[in-house]
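Have a look at the structure below before the remarks.
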Amino acid sequence: MELYELLVVGGGAAGMAAAEAAARAGRSVLLAERESALGGILRQCVHRGFGRTVFGEEVSGQAFAEYWRRRVAQSKAKVLTDTSVISLSRDRTALLSGPTGLRRVRFGRCILSAGCYERTAESLPLAGTRPSGVYTAGTAQALMNLGHYRIGNRIVILGSGDVGQIMARQFVQAGLEVVCLVEQRGALGGLARNRRDCIEAYRIPVRLRATVEEIRGTGRLSGVVVRELDTGKREAVECDTLVTALGLIPDRTLCRAMKEEGRLPDWLRLCGNCDYVHDMVDSVIREASALGAEKGREWDN
């Protein structure tokens, strides 16, 4: 059985930085990533806004990911892509599934940097049908920027998370119509710069203190019903696409069975958005690099 001093699960920004720092410190490192390439969510981010503290200027998410892929490649970290970590065990072994089948590896310590998953429309009490044309903001981003698909023509966005605001701008730039952005709170969420550079700069119609309560359409989405939360007024809005930006949930699936008395074992650490949702990737890199470089005894409680 292969033995590594450190197993890093997830090859996004946090995983790449942690693995590179640990390898540079002389440790044997295995970095496992379920996708075909390292980079995580950065791979689908064509907009600029990443790396100001790293580069002194803002670059696209794709450029930022490529920079860290090169750094990992230049280190002695072993990288397995198209490889999922199915389970972690208390005996410090992990079961991996990849192109060659199942394999089990042993490790001294583990950093879980699995990122987040999006809250979907299924988390809401939405009435109506279940037609095609309903996407999370991240899925819409991946379809457009990695798959080069046109996801629709008339788009309603529910929720004002950063990715939703960024995608509203990209929809307009691509010649699509953003009918409106619907937000249940009295103000938009996300970073102030995204409100300024995306919503205000592109004059995206916004409906505050409102929600989507019904989906309509057979086969393909034909419209939604928007309800004003303060008055209860309902309005049918024609659209062929609904994009939800309802927030992110840290993916801690692998560590659920690891807790004892509410605590994770000393050899397992959470990192990046798997720990908590960060506003900026620069802070992810800083924290992950520091964690990867720590000596073993610094993990002991």
Side-chain angles (χ1 to χ4, degrees), residues 1-35 38-42 68 71-72 75-98 102-119 247-301:
M1 186 184 300
E2 297 174 74
L3 172 63
Y4 298 90
E5 291 178 80
L6 177 65
L7 169 65
V8 180
V9 183
M16 290 190 292
E20 189 269 348
R24 181 160 38 85
R27 297 176 184 84
S28 58
V29 180
L30 175 62
L31 171 58
E33 166 56 46
R34 64 185 177 186
E35 299 294 336
L38 299 179
I41 197 71
L42 294 169
W68 280 97
R71 289 194 60 157
V72 172
S75 75
K76 294 183 179 181
K78 181 176 181 178
V79 176
L80 295 178
T81 55
D82 292 312
T83 300
S84 296
V85 177
I86 297 176
S87 65
L88 298 174
S89 300
R90 295 186 183 281
D91 62 356
R92 304 194 195 191
T93 63
L95 183 62
L96 281 58
S97 175
L102 295 176
R103 64 195 296 181
R104 188 172 290 278
V105 300
R106 187 176 296 279
F107 56 87
R109 300 181 185 275
C110 177
I111 292 176
L112 183 59
S113 53
C116 293
Y117 56 90
E118 294 181 276
R119 198 181 304 276
L248 301 171
I249 302 172
D251 187 355
R252 301 172 183 170
T253 306
L254 281 173
C255 66
R256 287 175 183 166
M258 292 292 102
K259 286 189 175 181
E260 287 185 348
E261 299 180 353
R263 293 178 53 190
L264 293 175
D266 293 342
W267 50 262
L268 177 60
R269 291 291 180 89
L270 306 180
C271 188
N273 286 346
C274 181
D275 186 14
Y276 67 94
V277 179
H278 294 62
D279 288 330
M280 304 292 292
V281 72
D282 299 62
S283 61
V284 171
I285 292 294
R286 184 170 56 252
E287 293 171 15
S289 295
L291 181 58
E294 284 184 359
K295 296 181 176 63
R297 65 177 180 273
E298 294 176 280
W299 283 36
D300 296 331
N301 294 323

(message) What's the separation between atom OG1 in Thr93 and atom CG in Leu3, rounded to the nearest 0.5 Å?
(response) 11.5 Å
(request) Say whether, by atom type as modelled, one donor and one acceptor occur between the side chain of Asp82 and the main chain of Gly98 under 3.5 angstrom. (result) no
(request) Drop me the distance from Leu291's CG to Ile111's CD1, to the nearest 0.5 angstrom. (result) 4.0 Å
(request) Using atom types as modelled and distance alone, determine if a side-chain donor or acceptor of Arg27 lies under 3.5 Å from a backbone N or O of Ala21. (result) no
(message) For Tyr4, give me all partners under ring pair (Phe, Tyr, Trp, His ring centres under 6.0 Å), at least two apart in sequence or on another chain.
(response) none
(message) Determine whether a donor-acceptor pair (N or O, by modelled atom type, separation under 3.5 Å) exists between the side chain of Ser113 and the backbone of Cys271.
(response) no
(message) Once rounded to the nearest 0.5 Å, what's the spacing between atom CZ of Arg256 and atom OG of Ser87?
(response) 14.0 Å
(request) Please examine the side chains of Tyr276 and Pro250, heavy atoms only from C-beta on, and report whether any two atoms are closer than 4.5 Å. (result) no
(request) Measure the shortest side-chain to side-chain distance between Leu80 and Arg103 over non-hydrogen atoms and say whether it is less than 4.5 angstrom. (result) yes
(request) Compare all side-chain heavy atoms of Leu102 with those of Ile86 and state whether any distance is below 4.5 angstrom. (result) yes
(request) Can you run down the salt bridge (charged side-chain N to carboxylate O under 4.0 Å, His left out) pairs that involve residues 83-94, sequence neighbours left out, and say none if there aren't any? (result) Arg90-Glu260
(message) Run Lys78 and Val29 through side chain to side chain contact (heavy atoms under 4.5 Å, CB included) and show every step you take.
(response) CA-CA 6 Å; Lys78 181 176 181 178; Val29 180; over 6 Å; no
(message) If I take atom SG from residue Cys110 and atom CD from residue Glu5, how far apart are they, to the nearest 0.5 angstrom?
(response) 14.0 Å
(request) For a side-chain contact (heavy atoms from CB on, under 4.5 Å) with Leu268, tell me which candidate from Arg263, Met258, Arg109 qualifies. (result) Met258
(message) Can you tell me how far apart OG1 (Thr81) and CG (Leu31) are? Round to the nearest 0.5 Å.
(response) 9.5 Å
(message) I need the minimum non-hydrogen distance between Ala77 and Ala23, along with the two atoms involved.
(response) N-CB, 3.7 Å
(message) Going by the rule salt bridge (Lys or Arg N to Asp or Glu O under 4.0 Å), which residues pair with Arg104 if we only count those two or more places apart in sequence or in a different chain?
(response) none
(message) I'd like to check the side chain to side chain donor-acceptor pair (under 3.5 Å) partners of Arg106; sequence neighbours left out, ordered by chain and number.
(response) none
(message) If I take atom CG from residue Asp251 and atom SG from residue Cys116, how far apart are they, to the nearest 0.5 angstrom?
(response) 8.0 Å
(request) Not counting sequence neighbours, which residues clear side chain to side chain contact (heavy atoms under 4.5 Å, CB included) with Arg71? List them please. (result) Glu20, Arg24, Tyr67, Trp68
(message) Testing the basics here: between Gly272 and Ala14, what is the closest heavy-atom pair and its distance to 0.1 Å?
(response) CA-CB, 3.7 Å
(request) Provide the full list of salt bridge (charged side-chain N to carboxylate O under 4.0 Å, His left out) pairs with a residue in residues 276-289, sequence neighbours left out, each pair given once. (result) none
(request) Heavy atoms only: give me the nearest Ala17-Ala288 pair and the separation to one decimal. (result) CB-CB, 3.8 Å
(message) Heavy-atom count check: over 12 atoms from other residues, nucleotides or ligands less than 6.0 Å from Arg34 CZ?
(response) no
